[in-house]
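The structure appears right after this line, and notes come after that.
Proteins come first, then strands; the chains are lettered A, B, ... in the order of their sequence lines, and each starts at number 1.
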Amino acid sequence: MRSGMSTHPIKDEDEDDTERLLKHYLNLEPNLTALYEYWSSVDPNFKKRAPKFTGVRILKQDAWEALMVNNLCLHYGPLIGHVDAQPYHDFPAPETLTGPGVEAHLRELGFGYRASYIAKTAKMVAKEKPEGWLQNLSNVDHSPDQKMPPGGRDGYRKAHEELLQLQGVGPKVADCVCLMGLGWGESVPVDTHVWQFAQRDYKFGKGKHKSLTKATYDAVGDHFRQLWGIEAGWAHSVLFAADLKTFSERLTSKAKEIKVEEVKVKQEGETTVEVKTVVKQEYLLNGIKDEFEEENTVELIKDFKDSPRNQRAKRRRLG
DNA sequence: GTTAAACCTATTGA
DNA sequence: TCAATAGGTTTAAC
């Protein structure tokens with residue numbers, strides 16, 4: 001990719017558009033700092049957790065691509081080219097996945113019960129729905145200061161509803177497509193992680209909204225839309241990242257280094273007191289208070305004394 | 001209207 | 001090896 005800092009105007013004319021495409025796909029235009037500041041100003045929980053998860057952006061994917069998955073490209077997508085002898089394939093068009101043997105083949109490829117969903121959805125999009133159906137569900141209005149009801153703009157509600165007709169597409173997947181493939185910023189996909197922190201930090205999971213029914217699903221989305229505004233789906237992604245196990249290692253990685261040092265030091269001494277010291281340091285490093293401290297305490301104790309009781313305690317707290 | 005069971009495979013950690 | 005995790009949607013049953 002060209003850097004865009006060329007001093008040769010003549011060459012700029014045939015400069016490729018890779019940078020422009022990347023900026024668009026990675027959605028680099030919006031001011032992340034301003035957005036984070038706004039979300040932090042309206043939500044103390046966001047303010048507490050977001051600093052460890054900066055730089056989260058919502059991709060501007062193709063809607064059909066957002067609807068489907070990865071492994072498909074290798075077997076159905078057209079070959080784009082090679083990098084270091086490694087072949088790269090584009091995403092297959094829905095028409096490519098409408099053949100009679102597709103479902104069986106996808107099962108062989110390990111898609112499991114989703115094989116039939118993919119095959120049926122491809123048929124619906126390619127054959128049963130009118131031309132441009134999916135793309136026409138996109139948000140095209142980018143004017144600032146739009147009003148948005150808690151349920152979202154009409155276009156978002158329409159897109160969400162239409163997507164639910166597809167086989168294997170429920171509210172969560174529909175919202176993922178709305179958010180990343182169709183440009184509806186207020187879309188909040190509620191998956192298991194979002195449901196976890198909705199219960200832990202936003203008082204869901206009791207009373208009227210005890211379990212994640214459709215009514216609860218909508219209520220969670222409405223709450224976050226009301227709280228975070230028209231880019232609620234973006235704010236949601238920041239906290240989603242914070243809830244993932246793979247990413248949450250960020251919260252303890254530095255402390256683990258210190259923990260190792262502490263273990264060496266205490267080699268000849270008693271354990272309990274010194275473990276607590278480590279926890280304190282981790283707590284300071286993280287800058288995250290209350291319940292996090294407790295979780296880390298349990299985990300660290302588990303590391304040193306791996307008793308079944310402590311394992312149960314950890315599972316219970318981490319839920 | 002809500003809940004439970006069934007659907008599928010792959011990866012990771014104890 | 002087994003449980004947890006990736007993990008929502010559909011269908012049947014209450």
If you restrict it to nitrogen or oxygen atoms, what contacts under 3.5 Å exist between nucleotides 1-7 of chain B and the protein, and what is each distance?
unit_1 : atom_1 : unit_2   : atom_2 : d
B:dT3  : OP2    : A:Ser211 : OG     : 2.5

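The nearest whole Å value for the distance from the CZ atom in A:Phe240 to the P atom in C:dT5 is 14 Å. Atom OH in A:Tyr217 sits about 10 Å away from atom P in C:dG8, given to the nearest Å. Rounded to whole Å, the distance from CG on A:Asp191 to P on C:dG7 is 6 Å. When the C1' atom of C:dA4 is taken as reference, atom CD of A:Gln196 falls 13 Å away, rounded to whole Å. At whole-Å resolution of the value, CD1 in A:Ile118 and C1' in C:dT10 are 15 Å apart. Atoms CG (A:Asp175) and C1' (C:dT9) sit 14 Å apart, rounded to a whole Å. Distance A:Gln165 CD to C:dT10 C1': 16 Å, rounded to the nearest Å. In this structure, A:Leu72 atom CG and B:dT9 atom C1' are separated by 15 Å, rounded to whole Å.
Between A:Asp218 and A:Lys214, at least one side-chain N (NZ, or NE/NH1/NH2) sits under 4.0 Å from a carboxylate O, which counts as a salt bridge. The residues A:Arg49 and A:Asp201 are annotated as salt-bridged, a charged nitrogen and a carboxylate oxygen being separated by less than 4.0 angstrom.
Distances from the side chain of A:Gln167 to the nucleotides C:dT10, B:dC8, C:dT9 place C:dT10 closest.
Regarding contacts with the backbone of C:dG7, a side-chain N or O of A:His193 is found under 4.0 angstrom from either OP1 or OP2.
Between A:Tyr202 and A:Trp228, the angle of the ring planes goes over 60°, which puts this pair in the perpendicular group of the 30/60° scheme. Using bins of under 30°, 30° to 60° and over 60° for the plane-to-plane angle, the ring pair A:Tyr217/A:His160 lands in the tilted bin.
A:His75 and A:His105 have their aromatic ring centers within a separation under 6.0 angstrom.
Screening A:Gln146, A:Arg157, A:Arg153 for a side chain to side chain donor-acceptor pair (under 3.5 Å) with A:Glu186, the sole residue that qualifies is A:Arg153.
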